[in-house]
Asker: 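Okay, handing you the structure first.
Below, chains carry the letters A, B, ... as their sequence lines are ordered, and counting in each starts from 1.
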There are 2 protein chains.
Amino acid sequence: MRDRPIDIDRLFHALGDPTRRAILDRLVERPMSVSQLAEPLGITLTAVAQHLQILKDARLAHTEKVGRVRTCRIEPAGFRALEQWVRDHRTAWEKKLDRLGRLLAEEDVDT
Amino acid sequence: MRDRPIDIDRLFHALGDPTRRAILDRLVERPMSVSQLAEPLGITLTAVAQHLQILKDARLAHTEKVGRVRTCRIEPAGFRALEQWVRDHRTAWEKKLDRLGRLLAEEDVDT
DNA sequence: CAAATACTGAAGTTTTCACTTGACTATTTT
DNA sequence: AAAATAGTCAAGTGAAAACTTCAGTATTTG
């Protein structure tokens, strides 16, 4: 069922790749150029640029080109959306766990 | 079946698919058979079974076969691992944002 | 027992993904 | 101005993902 990518799809997809998480981990430390990002990754500049596009689509990073250098930074919006998703779903899961707990307790008495 | 540590790649990958998130949303309500899960999804039983395997690998769901029926339930371990990942990373991102704020403030005085 | 039900397994198809190459543009540096 | 640097673009490759079909295997049910 391949349907239109919604925000949360892009987010999870972006975070699902170890190279992209490594990029984010380094950008958390400080803003960096595409070349600087590429250096320890052992992949081409092109590949890094492609990862950056995906991170940008997920609003986990943003970039700005000045002269010939593109400077990359993390952007909090994507991360905050993830936090929101987790918050929204935690409630549902907790309710389910409560109910499961109650059912198990009832079984002890009841069955 | 092995009780390996939860792999964050598998987790994000599992959650990155809308069909799988739909499956989880329904399993949060109540345990269900594979057929019941398949019915509103418009995909084959086989496809659902494949999604379930991925959810199982991410420890977001687990299943048990009794007779000819496989009953599927959510499993909290994967979700908790996600929450832990978010917690771990929030601190780092917050620090970065603090530092960015401070750097901008310093620039005003300093540069 | 025969038929229906609930899945399972293997293999094939199509699409998407991560990554490359190589040619190109734009900006510094010397 | 020539050379080096930083990145971009278009196209291609191989592998993984998300399905499918079809032929089973158990397990109920009539």
Side-chain angles (χ1 to χ4, degrees), chain A residues 1-27 30-74 78, chain B residues 1 7-27 30-73 78:
Chain A
M1 207 204 268
R2 299 287 59 213
D3 44 54
R4 302 297 130 243
I6 4 171
D7 213 41
I8 200 75
D9 272 352
R10 289 180 199 270
L11 235 190
F12 280 127
H13 172 237
L15 290 169
D17 182 275
T19 301
R20 285 192 287 268
R21 288 198 310 276
I23 287 174
L24 290 177
D25 285 346
R26 295 191 56 226
L27 289 182
R30 63 192 170 89
M32 239 174 263
S33 72
V34 182
S35 308
Q36 286 177 312
L37 282 173
E39 193 263 335
L41 292 175
I43 56 177
T44 60
L45 266 195
T46 304
V48 174
Q50 285 163 358
H51 283 304
L52 284 167
Q53 186 56 52
I54 289 164
L55 291 170
K56 206 182 138 200
D57 289 347
R59 308 216 30 208
L60 288 162
H62 75 114
T63 68
E64 190 198 1
K65 193 167 185 177
V66 175
R68 62 182 172 180
V69 177
R70 179 173 295 279
T71 301
C72 312
R73 299 182 160 75
I74 55 165
Chain B
M1 210 48 113
D7 180 348
I8 200 73
D9 273 351
R10 290 179 198 272
L11 233 190
F12 280 127
H13 172 239
L15 291 169
D17 182 275
T19 302
R20 283 192 288 267
R21 289 200 307 278
I23 288 174
L24 289 177
D25 285 345
R26 295 190 57 226
L27 288 182
R30 63 192 171 90
M32 238 173 262
S33 72
V34 181
S35 308
Q36 286 177 313
L37 282 173
E39 192 264 334
L41 292 174
I43 56 179
T44 60
L45 266 195
T46 305
V48 175
Q50 285 162 0
H51 282 303
L52 284 167
Q53 186 56 53
I54 289 163
L55 292 170
K56 206 182 138 201
D57 288 347
R59 307 215 29 208
L60 288 162
H62 75 112
T63 68
E64 189 198 2
K65 195 166 184 178
V66 175
R68 62 183 172 180
V69 178
R70 178 172 296 279
T71 301
C72 312
R73 298 181 160 76

Asker: Using side-chain contact (heavy atoms from CB on, under 4.5 Å) as the criterion, list what pairs up with Gln36(B), not counting sequence neighbours.
Answerer: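 With sequence neighbours excluded, Gln36(B) shows a side-chain contact (heavy atoms from CB on, under 4.5 Å) to Arg30(B), Met32(B), Ser33(B), given in chain and number order.
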
Asker: In whole angstrom, give the distance that lies between atom CE of Met32(A) and atom C1' of dA6(D).
Answerer: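 Computing the Met32(A):CE to dA6(D):C1' distance gives 16 Å.
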
Asker: Got a list of side-chain donor-acceptor pairs under 3.5 Å for residues 65-72 of chain A, not counting sequence neighbours?
Answerer:
residue, atom, partner, partner atom, Å
Arg70(A), NH1, Thr63(A), OG1, 2.9

Asker: Tell me which of Ile54(A) and Ser35(B) sits closer to the 5' end of DNA chain C, going by the nucleotide each one is nearest to.
Answerer: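 With Ile54(A) and Ser35(B) compared, the 5'-side residue is Ser35(B).
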
Asker: Starting at CD of Glu39(B) and ending at C1' of dC7(C), how long is that distance when rounded to a whole Å?
Answerer: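 My rounded result for the distance is 17 Å.
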
Asker: Excluding sequence neighbours, so at least two apart, what forms side-chain hydrogen bond (donor to acceptor under 3.5 Å, both in side chains) with Asp9(B)?
Answerer: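 Asp9(B) satisfies side-chain hydrogen bond (donor to acceptor under 3.5 Å, both in side chains) with Arg21(A) once adjacent residues are dropped.
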
Asker: Starting from P on dT16(C), measure out to CG on Asp57(A) and report it in whole angstrom.
Answerer: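 Result: 15 Å.
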
Asker: When the distance from NE2 of His51(A) to C1' of dT8(D) is rounded to whole Å, what number comes out?
Answerer: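 One finds 16 Å between C1' of dT8(D) and NE2 of His51(A), rounded.
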
Asker: Would you kindly give the CG-to-C1' distance between Leu15(B) and dA18(D), to the nearest whole Å?
Answerer: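 Distance, rounded to whole Å: 17 Å.
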
Asker: Whole angstrom is fine here: how far is it from CD in Gln53(B) over to C1' in dG9(C)?
Answerer: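 Value for this atom pair: 13 Å.
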
Asker: Could you list the donor-acceptor pairs under 3.5 angstrom formed between side-chain atoms of residues 54-62 of chain A and any protein atom two or more places apart in sequence or on another chain?
Answerer:
residue, atom, partner, partner atom, Å
Asp57(A), OD1, Gln53(A), NE2, 3.0
Arg59(A), NE, Glu75(A), OE2, 3.1
Arg59(A), NH2, Glu75(A), OE2, 3.1

Asker: Could you list all N or O pairs between the protein and nucleotides 20-30 of chain C that sit under 3.5 Å apart?
Answerer:
residue, atom, partner, partner atom, Å
dT20(C), OP2, Thr44(A), N, 3.0
dT20(C), OP2, Thr44(A), OG1, 2.8
dT20(C), O4, Gln50(A), NE2, 3.1
dT27(C), O2, Arg68(A), NH1, 3.1

Asker: Rounding to an integer number of Å, can you tell me how far Phe12(B) CZ sits from dA17(D) P?
Answerer: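 After rounding, the reported distance stands at 17 Å.
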
Asker: Mind calculating the distance between CG (Asp17(A)) and C1' (dA15(D)) to the nearest angstrom?
Answerer: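 Going from CG in Asp17(A) over to C1' in dA15(D) covers 14 Å.
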
Asker: For the side chain of Arg70(B), starting at C-beta, report the closest nucleotide among dA18(D), dT8(C), dA18(C).
Answerer: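 Within the option list, the nearest is dT8(C).
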
Asker: List in chain and number order the residues that pass side-chain hydrogen bond (donor to acceptor under 3.5 Å, both in side chains) with Gln50(B), two or more places apart in sequence or in another chain; answer none if no residue qualifies.
Answerer: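 By the side-chain hydrogen bond (donor to acceptor under 3.5 Å, both in side chains) rule, Gln50(B) matches no residue at all.
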
Asker: Taking the side chain as every heavy atom from C-beta outward, state whether Arg20(A) and Leu15(A) have any atom pair closer than 4.5 Å.
Answerer: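 Result no, sub-4.5 Å side-chain heavy-atom pair not found.
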
Asker: Heavy-atom distance under 4.5 Å between the side chains of Leu27(B) and Arg73(B), does that happen here?
Answerer: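 Heavy-atom side-chain distance check fails, nothing below 4.5 Å.
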
Asker: Check whether any side-chain N or O of His13(A) sits under 4.0 Å from OP1 or OP2 of dA17(D), and answer yes or no.
Answerer: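 So the side-chain polar atoms of His13(A) never come under 4.0 Å of the phosphate oxygens OP1 or OP2 of dA17(D).
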
